[in-house]
Protein chains: 2
Amino acid sequence: MNSRNKKTAEVSDGPVSMADLAKELGVSMTTVSRALSDHYSIGPATKQKVLKLAKKLNYQPNQMAAALRKGKSKLIGVIVPYIEGRFFPSVVHGIETAARKAGFSVIICQSNEDVAHERKNIETLLNAQVAGILVSLSRNTRDFKHFEKVQKRGVPLVFFDRILEGDNVNAVVLNDREGAYQTTRHLLEQGCRRVAHFAGLQHLNIYKNRRQGYLDALRSFDLPLDEELIIYSDMTLEQGVAGMKQLLALPNPPDGVFAAGDSSILGALQLLKSRGIRVPQDIALAGFSNEGFTAITEPMLTSVDQRCEEMGQATVRLFMELVEAKGTPFYQRQVVLQPQLFIRESSLHSGKR
Amino acid sequence: MNSRNKKTAEVSDGPVSMADLAKELGVSMTTVSRALSDHYSIGPATKQKVLKLAKKLNYQPNQMAAALRKGKSKLIGVIVPYIEGRFFPSVVHGIETAARKAGFSVIICQSNEDVAHERKNIETLLNAQVAGILVSLSRNTRDFKHFEKVQKRGVPLVFFDRILEGDNVNAVVLNDREGAYQTTRHLLEQGCRRVAHFAGLQHLNIYKNRRQGYLDALRSFDLPLDEELIIYSDMTLEQGVAGMKQLLALPNPPDGVFAAGDSSILGALQLLKSRGIRVPQDIALAGFSNEGFTAITEPMLTSVDQRCEEMGQATVRLFMELVEAKGTPFYQRQVVLQPQLFIRESSLHSGKR
DNA sequence: TTGTATGCGTTATCAA
DNA sequence: TTGATAACGCATACAA
């Protein structure tokens, strides 16, 4: 016998189970289960009866039990390097919104830019029986090993933004190359002839591609590549300051800078202002990410928007496709979002150069 | 018989269960369970044996099963109005970090500033058998009803930042009143004598308390309260612009503004600059939240830091206390964090006024 | 169309 | 110190 006495019409709180409904109605649990899950073989009358009582008693399915039984929960695991700045919070926002619409909840994990954390996160999420894992790689992730376990278990895996290229994976990315190309071309079209580039870690797809786009644009203008105009760093604000100093110290300084990140271009702007160098007249600037502050600085900073929300939504959508394509063994898809260039004062001038 | 054949020394992927370990070692599941959960009644020898094999076979406990059995998972539910700007992402960052350290994962929910969503979030989290719920209220939450179910179920509930006052709840808040008091006093000490206030929705504790702090400071300087100097709004940037216009149109405009939010003070700054009014010489400004952009504007904006990270950590810590105080029926605690005023150019002047 | 019985992987109760 | 066994709540194969 059960420890708590079975409720009849009695108002008792605590979760109502399918067994409770079955007992109350004098039917089997199977019937209740079928009614609730909209199964095909069930009489419309019984179904209504069950649903009505379920509503009346405020029945709430125990997700854990269902998950245990099915080996899959209604949880989606998300791994991001961190939750700060504009990009990741916005993507997570998009993911959460889209996931909830599809009936999933979202578990958040941070890798703290560390592959060891990332590995642990994977374990955690698999133990939680998540229905899928969405991940943007930590900066020091360089191989795919810890993700193989996920695939072996048949858990849908979607990468976004920071991915390992070359591998056949499902991913949602921004067309970083195109964004960088457009931005650099824009600077050239404004009259710049020596455009420098603040580049990020080149093993990350996003920074590699942004550099490529920069190079593409130079080539399209038949301009030579000058390696001393490319400064590699983590692109913090401080490194932007330092990079700009370095560029100004060149015998032939640039007349424009395209940075693969906004913080560094902000640093550059601050340095230039402190030295009385005019932006954009003397040196034009453009960044990447469309951070909130780009519309606040003076002059306002030209930058590339990464479609954070859309990326989150697209990632969930791709996950859903994987869930539905269950049968298809090697469903593979890459979604590429188009960046949007926001042209602001820092790169606009009246074409005197 | 099982569908998949029991592994012996065979290398087979797929999760290893306690039963697998038991079979392999020729002991009972109970023993394995005890060894793994560090139970007291188990021989050190057997324990080691079990742990060793567990490590070797990379045993991973199925959290769902444990959760189902115990009625509680290792998941913490977090409900925030949205995941954007500086505050909520940072708090979530702090929560996630602290929670993971304690062995919990975090499920994120957004209420989208809507109490109906908030109700749904509660249901979702309860169905997921979360071990606790941490919540910062939506702006239109005005009663406590939907949280009673949580308490009835004995699920620890901690509010942070935006709370319902008066009720006996567990909460972590910033001392908003003190922060506002310090900031306003600072403006007064700088020589301001007519300080205006951009106030937020007064049914929210945070904005009510910030207004109180403002009033406290005026009183401490024996200054009269002039209601036309208090502008109520949602404190967006646009409303900051509009509010500033309204203040300038007064027969006797203010010489300082303290805003309960940074966006609105930014709006004010932009308007003042566009009209050639000097900040801080003509009008001094100070905001609240210490948003990233406050250190970027010209002049840089004085603002109050809300200790986002600490708030997240403190909230998790309070949750953990509740878990441990399981026995104590009416454990109640409020944690109050001290704000930190960052004084920047927008409020500093050489004391000529 | 409905019901019976079993198992998902743990933990807890009781007995040995 | 150990083990056998029964739940937790749900979903499904199979029988009726």
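So you know, we letter chains A, B, ... as the sequences are listed, proteins then strands, and number each from 1.
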Partners meeting side-chain contact (heavy atoms from CB on, under 4.5 Å) with [X] (sequence neighbours left out):
{"X": "A:V173", "value": "A:I163, A:N205, A:V336"}
{"X": "B:A66", "value": "none"}
{"X": "B:K149", "value": "A:N58, B:E123, B:L126"}
{"X": "A:A67", "value": "A:S73, B:M64"}

Pairing pattern in dot-bracket form [Watson-Crick, G-U; both distances under 3.5 Å; | = partner strand] for DNA chain D
||||||||||||||||
Can you run down the ring-ring contact (aromatic ring centres under 6.0 Å, His included) pairs that involve residues 109-142 of chain B, sequence neighbours left out, and say none if there aren't any?
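Applying ring-ring contact (aromatic ring centres under 6.0 Å, His included) to every pair that reaches into residues 109-142 of chain B, excluding sequence neighbours, yields nothing.
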Nearest-Å distance for atom pair [atom1]/[atom2], residues [X] and [N]:
{"X": "A:N62", "N": "C:dC8", "atom1": "CG", "atom2": "C1'", "answer": "13 Å"}
{"X": "B:M64", "N": "D:dA7", "atom1": "CE", "atom2": "P", "answer": "24 Å"}
{"X": "B:L68", "N": "D:dA11", "atom1": "CG", "atom2": "C1'", "answer": "13 Å"}
{"X": "A:K72", "N": "C:dG9", "atom1": "NZ", "atom2": "P", "answer": "12 Å"}
{"X": "A:M18", "N": "C:dG3", "atom1": "CE", "atom2": "C1'", "answer": "13 Å"}
{"X": "B:Q60", "N": "C:dT10", "atom1": "CD", "atom2": "P", "answer": "10 Å"}
{"X": "B:L36", "N": "C:dG9", "atom1": "CG", "atom2": "P", "answer": "15 Å"}
{"X": "B:K23", "N": "C:dG9", "atom1": "NZ", "atom2": "C1'", "answer": "13 Å"}

For DNA chain C, whose closest nucleotide is more 5', that of B:A65 or that of A:P44?
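So the residue in question is A:P44.
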Stretch residues 120-133 of chain B: residues that reach within less than 4.0 Å of DNA chain C through a heavy atom
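Those residues whose heavy atoms fall under 4.0 Å from DNA chain C, taken from residues 120-133 of chain B, amount to none.
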Return each pair, listed once, that meets salt bridge (charged side-chain N to carboxylate O under 4.0 Å, His left out) where at least one residue sits in residues 27-36 of chain B; pairs must be two or more places apart or across chains.
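Applying salt bridge (charged side-chain N to carboxylate O under 4.0 Å, His left out) to every pair that reaches into residues 27-36 of chain B, excluding sequence neighbours, yields nothing.
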Distance-only criterion, 3.5 Å: show the donor-acceptor pairs between side-chain atoms of residues 95-110 of chain B and protein atoms not counting sequence neighbours.
unit_1	atom_1	unit_2	atom_2	d
B:E96	OE1	A:Q110	NE2	2.9
B:E96	OE2	B:R100	NE	2.6
B:E96	OE2	B:R100	NH2	2.6
B:T97	OG1	A:Q110	NE2	3.3
B:T97	OG1	B:H93	O	2.8
B:R100	NH2	A:I108	O	3.3
B:Q110	OE1	A:H93	ND1	2.5
B:Q110	NE2	A:H93	O	3.3
B:Q110	NE2	A:E96	OE1	2.9
B:Q110	NE2	A:T97	OG1	3.3

For B:Y82, what residues pass the ring-ring contact (aromatic ring centres under 6.0 Å, His included) criterion, not counting sequence neighbours?
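Partners of B:Y82 under the ring-ring contact (aromatic ring centres under 6.0 Å, His included) test: B:F88.
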Check this one for me: any side-chain N or O of B:Y59 less than 4.0 Å away from OP1 or OP2 of C:dT10?
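It does, given that an N or O in the side chain of B:Y59 lies less than 4.0 Å from OP1 or OP2 of C:dT10.
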May I have all residue pairs that pass side chain to side chain donor-acceptor pair (under 3.5 Å) and include part of residues 45-54 of chain A, sequence neighbours excluded?
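Residue pairs passing side chain to side chain donor-acceptor pair (under 3.5 Å), neighbours aside: A:D38-A:K47.
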Every protein N/O within reach of nucleotides 2-5 of chain D N/O, cut-off under 3.5 Å:
unit_1	atom_1	unit_2	atom_2	d
D:dT2	OP1	B:T46	OG1	3.0
D:dT2	OP2	B:G43	N	3.0
D:dT2	OP2	B:T46	OG1	3.2
D:dT2	O4	B:R34	NH2	3.3
D:dG3	OP2	B:S28	N	3.1
D:dG3	OP2	B:S28	OG	3.1
D:dG3	OP2	B:T31	OG1	2.2
D:dG3	N7	B:R34	NH1	3.4
D:dG3	O6	B:R34	NH2	2.7
D:dA4	N7	B:T30	OG1	3.3
D:dA4	N6	B:T30	OG1	2.8

Judged by modelled atom types alone, do B:S33 and B:T30 share a side-chain donor-acceptor pair under 3.5 Å?
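Short answer, no.
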Are A:D20 and A:S17 linked by a side-chain donor-acceptor pair shorter than 3.5 Å?
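Yes, a side-chain donor-acceptor pair sits under 3.5 Å.
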